[in-house]
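Reviewing the structure listed below.
The analysis underlying the following values was restricted to heavy atoms, covering all of them including side chains, and did not include hydrogens, waters or symmetry mates.
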Amino acid sequence: MRPGKRNLFLRIVLISLSLFFVLHTGCPASADSGAEIARTSGVGFYFDTVVSVTLYGADEALLDEIWTACGQYEQLLSKTVSGSDVDRINHSNGQPVPVSPETYAILQSAKSISEGSGGAFSVTIAPLTALWDFTGGTQRMPDEATRLSKLPLVDDQKLILNEDGSVTLPEGMEIDLGGIAKGYIADRIAELIKDRVYGAILNFGGNVYVVGNKPDQSPFRVGIRDPLGEEGSSCAVISVYENSVVTSGIYERYFIKDGHWYHHILDPMTGSSAETDLASATVVSKSSMIADAMATACIVMGSERAMEYLTENGADALLILRDGTFLSTEGFDHTYQLMPLGGSQ
């Protein structure tokens, strides 16, 4: 963990780990060969998120390589890091900005998902998110006139990806990759380690990536946060192999004001917290980046539209409504051995 982050880390570690819990063996185990498979684990703080990693059968250098990669991606993709690709785009005054191939690829995917979701997912939502404070304790929220004045600045199709690899964003607009970058990074870290471990769990807060198996060759079991229960409680468990599990929920960052629940997942069409029947959306996919963006879009869409969207895109997902009802895509329960735990269902 980097110096200066320890106190902040201690305050938020329980909150972050409550998003997901992973059930796996707590000590080294033996594979068929009889050789002991060592377990290596570590915790870091990147992207304003507690990142926990558990590796089985990894070489000694791998954990350090993971933290190095996380640091590099934070410098590249964070909106709040001066000189990052995102920072330079946001301060370009409408001029083309050369960016890394990785940033360019993320923005290509973001635009495609935005279009496919009918604008329910948006990376140009930054001017709206800046009006709200869901984490600082101030419960800041915009008045209606201010909120409405920012809506014209939210339109991913106005983000231009030029053929020379540069990006052009109209003056006054800003992007925030918070709804897709963690997924992309999880994908890249999974790719980095896949041939160097027997099995692994990568936990980026609401983004969990499972690589391989547990040492006893059984799949990892991933718990799904109960969006209506106590902090740290789970309402279901699924079995996962070589997949990412991403959950977005209205419980992650929120405040209650004048009896109304305001959460951080904003509807790009209104600039306010998405007012739908969904409390959480969990998407399982080989691509954590796609699952990340799709889960967010589902919350904005609401259950009926989200189920249509998920089915059209062949996605595996579990939706939990605000009344506690479970909805899942066809085959989800069987494929991932869904086991309710007596929470919301």
Side-chain angles (χ1 to χ4, degrees), residues 12-26 39-56 58 63 66-67 69-70 73 178-194 197-214 218-227 231-249 251-252 280-296 298-299 315-320 328 332 335-339 341 343:
I12 69 172
V13 64
L14 292 178
I15 296 174
S16 178
L17 293 180
S18 72
L19 298 177
F20 272 86
F21 74 90
V22 181
L23 303 179
H24 52 80
T25 54
R39 171 182 168 180
T40 304
S41 61
V43 180
F45 186 77
Y46 301 90
F47 334 111
D48 293 323
T49 300
V50 175
V51 178
S52 62
V53 175
T54 299
L55 311 172
Y56 292 98
L63 192 59
I66 291 173
W67 300 140
C70 285
Y73 280 121
I180 195 170
K182 276 197 304 180
Y184 177 82
I185 296 162
D187 288 338
R188 299 287 72 78
I189 300 299
E191 185 176 359
L192 170 68
I193 72 173
K194 67 179 182 180
V197 296
Y198 185 86
I201 284 285
L202 309 172
N203 191 334
F204 290 74
N207 296 63
V208 172
Y209 209 115
V210 171
V211 178
N213 293 317
K214 293 193 295 185
S218 65
F220 286 94
R221 301 282 282 165
V222 177
I224 296 175
R225 167 77 153 85
D226 185 349
E231 184 177 299
S233 63
S234 296
C235 60
V237 178
I238 59 176
S239 296
V240 183
Y241 170 76
E242 295 291 352
N243 257 322
S244 181
V245 182
V246 182
T247 295
S248 290
Y251 57 84
E252 295 175 43
S280 73
T282 297
V283 179
V284 182
S285 172
K286 295 293 184 184
S287 170
S288 190
M289 176 183 67
I290 292 175
D292 202 357
M294 290 185 75
T296 299
C298 286
I299 299 294
D316 294 334
L318 173 68
L319 307 180
I320 302 178
S328 58
F332 182 93
T335 300
Y336 303 105
Q337 301 174 36
L338 176 67
M339 181 187 297
L341 296 177

Fill in: side chain to side chain contact (heavy atoms under 4.5 Å, CB included) evaluation trace for V246 with T282
CA-CA 5 Å; V246 182; T282 297; over 6 Å; no

Discussion item. Looking at every non-hydrogen atom in both residues, tell me the closest pair between K286 and E242 and how far apart they are.
Written reply: NZ-O, 2.6 Å

Worksheet item: Can you find a heavy atom in the side chain of N243 that is under 4.5 Å from one in the side chain of V210?
Response: no

Worksheet item: Are any side-chain N or O atoms of S233 and backbone N or O atoms of E231, one a donor and one an acceptor, separated by less than 3.5 Å?
Response: no

Discussion item. Show, in sequence, the C-alpha distance, side-chain angles and deciding distance for N207 and D292, and conclude whether the side chain to side chain contact (heavy atoms under 4.5 Å, CB included) test is met.
Written reply: CA-CA 7 Å; N207 296 63; D292 202 357; 3.4 Å; yes

Item to complete: Please name the pair of heavy atoms, one in C70 and one in F204, separated by the smallest distance, quoted to 0.1 Å.
Response: SG-CE2, 4.1 Å

Worksheet entry | S234 side chain to A236 backbone, donor-acceptor under 3.5 Å | no

Practice prompt. Take Y209 and N203 through the test side chain to side chain contact (heavy atoms under 4.5 Å, CB included) and record every step on the way to the result.
Written response: CA-CA 7 Å; Y209 209 115; N203 191 334; over 6 Å; no

Worksheet item: Can you tell me how far OG of S280 sits from CZ of R225, rounded to the nearest 0.5 angstrom?
Response: 9.5 Å

Worksheet entry | Atom pair CG (D226) and CD1 (I320), whose distance is rounded to the nearest 0.5 Å | 6.5 Å

Worksheet item: Quick one: does V51's side chain get under 4.5 Å of V43's, heavy atoms only?
Response: no

Discussion item. What's the separation between atom NZ in K214 and atom CD1 in I201, rounded to the nearest 0.5 Å?
Written reply: 9.5 Å

Worksheet item: Judged by modelled atom types alone, do D316 and Y336 share a side-chain donor-acceptor pair under 3.5 Å?
Response: yes

Worksheet item: Mind checking whether Y73 and Y184 have parallel, tilted or perpendicular rings, split at 30° and 60°?
Response: perpendicular

Worksheet item: How far does OH of Y46 sit from NZ of K182, to the nearest 0.5 angstrom?
Response: 15.0 Å

Worksheet entry | Non-hydrogen atoms of A190 and V211 that approach each other most closely | CB-CG2, 4.0 Å

Worksheet item: Are Y56 and T40 side-chain neighbours, meaning at least one heavy-atom pair lies under 4.5 Å?
Response: no

Discussion item. To the closest 0.5 Å, what do you measure between CD1 (I66) and CG (L202)?
Written reply: 6.0 Å

Fill in: Side-chain donor-acceptor contact under 3.5 Å, S239 with R221
yes

Worksheet item: S244 and S288: side-chain donor and acceptor closer than 3.5 Å?
Response: yes

Practice prompt. Could you tell me which non-hydrogen atom of N213 sits nearest to which non-hydrogen atom of P219, and how far apart they are?
Written response: OD1-CA, 4.2 Å

Practice prompt. Kindly say whether M289 contributes a backbone atom to a donor-acceptor pair with the side chain of D187 at under 3.5 angstrom?
Written response: yes

Worksheet entry | Evaluation steps, side chain to side chain contact (heavy atoms under 4.5 Å, CB included), between Y241 and F220 | CA-CA 7 Å; Y241 170 76; F220 286 94; over 6 Å; no

Worksheet entry | Pairing residues for E191 by the salt bridge (charged side-chain N to carboxylate O under 4.0 Å, His left out) criterion, not counting sequence neighbours | R188

Worksheet, complete the sentence: Nearest heavy-atom approach of A200 to I193 is CB-CD1, 3.6 Å

Worksheet item: Rounded to the nearest 0.5 Å, how far apart are CD1 of I238 and CD1 of I224?
Response: 4.5 Å

Worksheet item: Minimum heavy-atom separation for S248 to I299, with atom names?
Response: O-CD1, 3.7 Å

